[in-house]
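Scroll down for the structure; my scribbles are underneath it.
We use all heavy atoms of the structure for the numbers below, so side chains are in, but hydrogens, waters and symmetry mates are not. Since we're looking at a predicted model, the values are computed, not measured.
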Amino acid sequence: MESLITRLRVSWPYAFKDLDRSGARRWARYELPPRLLRSAAVGTPASSRADRRPQLLEALGDETLSRAELATRTGLGDQTVRRWLSIMREEGVVELVGSSPRSRDARYRRVQQGSLFSPS
């Protein structure tokens with residue numbers, strides 16, 4: 001345990017070497033410099049929550065697939081697939097085939113869109 005504390009004491013100043021410091025000791029305030037702020041903004045949760053509808057719709061194609069099959073085809077996590085399927089169901093883009101989204105037999109398919117104009 002003591003070696004860990006020693007390592008922390010030694011590495012502590014290096015953790016803050018890229019930060020802008022104002023004040024001293026107890027009242028020190030550390031901020032990211034503007035160049036690091038730009039690079040940190042790229043990985044924010046808002047940007048990582050990209051719209052996954054195109055991926056899921058492409059994976060569905062004209063087939064009827066389970067949530068697990070969609071996760072495997074797209075490489076997305078189960079929670080992500082579940083979230084986007086719920087959103088697309090509310091929008092009327094996909095429909096649930098089965099009784100409940102929690103069922104093991106729940107499958108999803110695209111809603112067949114009718115043509116805008118009837119053939120004349």
Original post:
Any donor-acceptor pair under 3.5 Å linking the side chain of Glu69 with the backbone of Ser66?
Top reply: yes

**OP:** For a side-chain contact (heavy atoms from CB on, under 4.5 Å) with Trp84, tell me which candidate from Val93, Asp51, Thr74 qualifies.
**Re:** Asp51

Subject >> Neighbour count above 12 (heavy atom, 6.0 Å) for Glu91 CD >> reply: yes

Original post:
Leu85 and Leu57: same hydrophobic cluster, using ILVMFWY side-chain contacts below 4.5 Å?
Top reply: yes

Subject >> Side chain proximity check, Leu76 to Leu70, heavy atoms < 4.5 angstrom >> reply: no

Original post:
How long is the gap from CZ on Arg67 to CD on Gln79, to the nearest 0.5 Å?
Top reply: 8.0 Å

**OP:** Sequence neighbours left out, what passes salt bridge (charged side-chain N to carboxylate O under 4.0 Å, His left out) with Arg110? Give chain and number order.
**Re:** none

Original post:
With a 4.5 Å heavy-atom cut-off, do Leu65 and Arg73 have their side chains touching?
Top reply: yes

Original post:
Which pair of non-hydrogen atoms, one from Ala106 and one from Leu96, has the smallest distance, and what is that distance?
Top reply: CB-CD1, 3.8 Å

**OP:** Taking Ser86 for its side chain and Arg82 for its backbone only, find out whether a donor-acceptor pair lies under 3.5 Å.
**Re:** no

Subject >> Close side-chain approach of Arg52 to Thr80, heavy-atom, < 4.5 Å >> reply: yes

Subject >> Value rounded to 0.5 Å, distance of CZ in Arg109 from CD in Glu63 >> reply: 13.0 Å

